[in-house]
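Take a look at the structure set out below.
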There are 2 protein chains.
Amino acid sequence: MAVTIHDVARLAGVNSSTVSRVINGKATISPDTKERVYAAMRELDYHPNSLARSLASGLSGAIGVVVDARDAEAFSNVFFSRSLFAIEHAAQVRGYQVIIANGAQSRGGTVENLMKEHKVDGLILPPTTVKPALMETIGDFPYVVLGTPDTLRSETCWVDNNNEQGAEMAVQHLSKMGYCQIAYLGGYQKRGFTRRRVRGYKNANQGCEIIFPTDGTSENAFAAALEALKKENHPDAFVCNDNLAAYGLLKACRELHLSVPQEIGIVAFDNYPLAEYMDPPLTIVDIDTAMLGEQSAQLLFRRIENRVGIQQIMLSTNLVIRASSERKAK
Amino acid sequence: MAVTIHDVARLAGVNSSTVSRVINGKATISPDTKERVYAAMRELDYHPNSLARSLASGLSGAIGVVVDARDAEAFSNVFFSRSLFAIEHAAQVRGYQVIIANGAQSRGGTVENLMKEHKVDGLILPPTTVKPALMETIGDFPYVVLGTPDTLRSETCWVDNNNEQGAEMAVQHLSKMGYCQIAYLGGYQKRGFTRRRVRGYKNANQGCEIIFPTDGTSENAFAAALEALKKENHPDAFVCNDNLAAYGLLKACRELHLSVPQEIGIVAFDNYPLAEYMDPPLTIVDIDTAMLGEQSAQLLFRRIENRVGIQQIMLSTNLVIRASSERKAK
DNA sequence: TTGACTTGTGCAACCGCTTGCACTATGGAT
DNA sequence: ATCCATAGTGCAAGCGGTTGCACAAGTCAA
C-alpha cells in the first residue's frame, strides 16, 4: 500500500535500519549512502509512518491540550482557543503534534486517556482540572496548567498572566489621572482570576474599597453602575472586570449624562475587538493570549525534555491607554 | 513498563488474541472468558495503546482539523475555533481524536503530513486550502471543507452557512419594517463569504444597490457611513458585513444625530458578545458556528465510513431581531 | 606488522496490537 | 452412529518502524 522504509532501503540498496538512521540522523552514515537514501526517499515520495515510529521509539511526538468547555461560548474558551494557536505554532516548530480534547463533558477520563492510551508526551491543562485526584494520576508526567490553579498553586506547574498586577496598574493609572474614588465593577467571585483581580485592586486602592460584583452580564453591570452612580458621593472611576461590565457602565453613564472620561474614568480587563471602537474607546488591561500559549508550550517542552522541575511563570499584563481614562482637565 | 495485552492475557489465562477480540467485540467469545478478561483488565488498570492499535489495524481513529491562521486575531479564526469545540465534541462521541494543525505558516505540507505521516482518517479543511494541487494529492481521501471554497465548489465536499440567504433575509426584514433605501456597508471583497453576502443583498434588493465596501475596520466603516449619510438622499437602512462595520455606522449616526432605528435601520452579520449590548441592541444575522462544526464532523464521519459521496451542506442562518431594526412608527 | 579504535552497516528482536487460518469441542440433523 | 455447522480459542505473521549488538573495513600509533 504505502511506501515503507523497506521499499526505500531496497531502492537505495541498503538495510532498512540504515534508512532509519538516516532519517533520525543520530548515527554516522557515509555521505554517499545518505545521498542514495535521500534520493530513494524522494523518488518514492516516502513519508515515515509516525504511528510506527512512536510505537517503536516510545515517543509519540504529540502533546495534548485539554480544554474545559462546559459552556461553549464562555470567555474562558475564547481565551483558551486564542492561546491554542500559539501553542500549535510552538508545537509545530518543535515537530510536535497537537491533540485537543474537551475535559468537561467526558467523565474525567480525558487526561488518563491522553496519557495512557494516546501516549502524548505532555499535557496542557486548564486550571479547573487541577484537583488532588488528578495530580495523583498525573504523577510526574510532564504537564503545564494554563492559568493559575485554585489549589496546589505552589506544587503545580503553571503559566498565567498577572491579574493582580494588572488590577494594580489599572488603579494606579486611574489615580495618576486624577481620579480619587476608584471602584471595582463586575466579576463572578467564584472564578479564580476574578478574585485575583479584585485582590490587586484592593492592594492598590488601600482604604477605600468599593466593589460591585455582578453576575457577569452587561445588564447586571448596567444596573449596578446605575445605582452606584445615582448616589450623592459616587465613585469617579471604575476598574471593570471585563468588557461587558464596562459596556454596562458606559450605558449607565450615558443615561445619567455623566461624561467619560471627564466625570467618570474607566479601565477594563480584556481587549475585545470592539473595545477600541467604543465611545469613548476603552482603556484596557490587555492579556497577551498568544504569549501565554507560547510560554506554556515552551515550558511544557522543557519539562518533557526534563530540563526543569516544577515551575511557575507569571506574565505581566499591558495597559493599553485609550480615551476612557484620560481626563483632560485635572 | 506499561501494562500490555499480554499481561492481561496471562492473568486471565487466555491468549492475547482473545483479549484483543474481547476489546474489539467483533468475535464470539464465551461470556465466561469475557468476564475473566474484563476482570483482569480492571485489576491491572489496563489501557490499550492506541498507537499500536492504529498501526496494526490501519485505522488511526483520529481526524485532522486544519486551520488557516495567518493573522492570529482575524475573525475567521474565532469563527473556526468556535466550530472546533463542536467538532471535538462530535469526534469524542464517536471515539475519534482531534489533531489540529495550522496550514498557514507551514509550507503547504500540513495536509500531506496529516494524511501520510499521521495517518488521520479524515480531514476538516478551511476553504482557503482548496486549490487544484491540493485536491490532486487528496484524491478521494475523506475530507470536508468548513466554508464554501472559492473554486471547485461543486466537486468538493463542504459545509457552510448560507450567507446569501442571510443577506436576503436581512434585506427583506428591513423592507418589511418600512425601510426603503437599503444599503450594504463593509466587507472585504476578496473574501468569498463577503461576496456571497453582497450577492444575497443584491438579489433581494433588486434595482437599487448601494454598496460601501470598506477595508474591514470600524473606522473605515465610520468614515464611509458618515459620508454616505451626509448626502441629501441617503439610505435609511444598512446591512452590515459584520459587527465592526455596524459599530462604525452607529457612531456615524450618533455624530449626525440620526436616530436608530427611527431614522436608520441596521442589521449586521455575526453575533459578537457585545452586539446585544449596543445602543440600540443590534439585529443580527447569526451564524450557528456550533452547528457548523457539528455538521462538518458528521459529514466527515459519513465520508470516512464511505456512506456518502461528495456532498455539500448549506445551513441556513438565523435572524435575531433586536432594536436596531425595529422602527416604531411606520 | 600488530593491536586498539573508530566508522559504517547489517541482523534480528521488539514496540503492542490485529487478524487470517487452523483446530477442537459441541450440538443438531440425518 | 455419522457428518456438518458453528462457536470459541490459539498460533503466528504481520503493521512500519527503532535499536542493541555484531562485524568488516579503515585509521593510526607503536
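Reminder, nothing fancy here: chain letters follow the sequence lines and each chain counts from 1.
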Does a side-chain heavy-atom distance below 4.5 Å link A:Leu146 with A:Ile87? yes

For a side-chain contact (heavy atoms from CB on, under 4.5 Å) with B:Ser296, tell me which candidate from B:Ile313, B:Val144, B:Leu315 qualifies. B:Val144

Choose from C:dT18, D:dT9, C:dC17 the nucleotide whose nearest atom is closest to any side-chain atom of B:Asn24. C:dT18

Taking CG from B:Leu51 and P from C:dC17, how many angstroms apart are they, rounded to a whole number? 11 Å

For atom CG of B:Leu44 and atom C1' of C:dG16, their distance in whole Å: 15 Å

Nearest-nucleotide 5' precedence on DNA chain C, A:Asp32 against A:Ser16: A:Asp32

Nearest-angstrom distance from the residue atom OH of A:Tyr46 to P of D:dG16: 10 Å

Rounded to the nearest angstrom, tell me the gap between atom CZ in A:Arg36 and atom C1' in C:dG10. 14 Å

In whole angstroms, how far is the C1' atom of D:dT19 from the CD1 atom of A:Ile23? 14 Å

From C-beta outward on B:Arg53, which listed nucleotide comes closest to its side chain: C:dC17, D:dG16, C:dG10? C:dC17

Is there a donor N/O on one and an acceptor N/O on the other, under 3.5 Å, for the side chain of A:Arg21 and the base of D:dG17? no

With no angle test and no hydrogens, is the base of D:dC11 tied to the side chain of B:Ser17 by a donor-acceptor pair under 3.5 Å? yes

Rounded to whole angstrom units, what separation is found between the NE2 atom of A:His118 and the C1' atom of C:dG16? 15 Å

Flag yes if more than 12 heavy atoms outside B:Glu136 fall under 6.0 Å of its CD atom; otherwise flag no. no

D:dC11 P sits how many Å from B:Arg10 CZ, rounded? 14 Å

Between C:dG10, D:dG17, C:dT19, which one does the side chain of A:Ile5 approach most closely? D:dG17

Above 12 or not: heavy atoms from other molecules or residues under 6.0 Å from CE of A:Met135? yes

So, is B:Thr33 near the phosphate of D:dT9, with a side-chain N or O under 4.0 Å from OP1 or OP2? yes

5'-most by nearest nucleotide on DNA chain D - B:Ala56 or B:Ser30: B:Ser30

Pair B:Asn15, B:Ser17: side-chain N/O donor-acceptor within cut-off below 3.5 Å: yes

Under 4.0 Å, heavy atoms only, any strand: does B:Thr18 hit a base, just the sugar-phosphate, or nothing? sugar-phosphate

Nucleotide nearest A:Ser20 (side chain, heavy atoms from C-beta), chosen from D:dT18, C:dG8, D:dG17: D:dT18

Taken to the nearest whole Å, CG/B:Leu59 to P/C:dC17 is 16 Å

Tell me which of A:Asn15 and B:His6 sits closer to the 5' end of DNA chain C, going by the nucleotide each one is nearest to. A:Asn15

Checking all strands, does B:Val14 fall into the base, sugar-phosphate, or nothing category for heavy-atom contacts under 4.0 angstrom? sugar-phosphate

Answer with base, sugar-phosphate or nothing: what part of the nucleic acid does A:Ser50 contact at a heavy-atom distance below 4.0 Å? nothing

Among side-chain atoms of A:Asn161 and A:Arg196, is any donor-acceptor pair under 3.5 angstrom? no

What contact category does A:Leu55 fall into here, base, sugar-phosphate, or nothing, at under 4.0 angstrom with non-hydrogen atoms? base

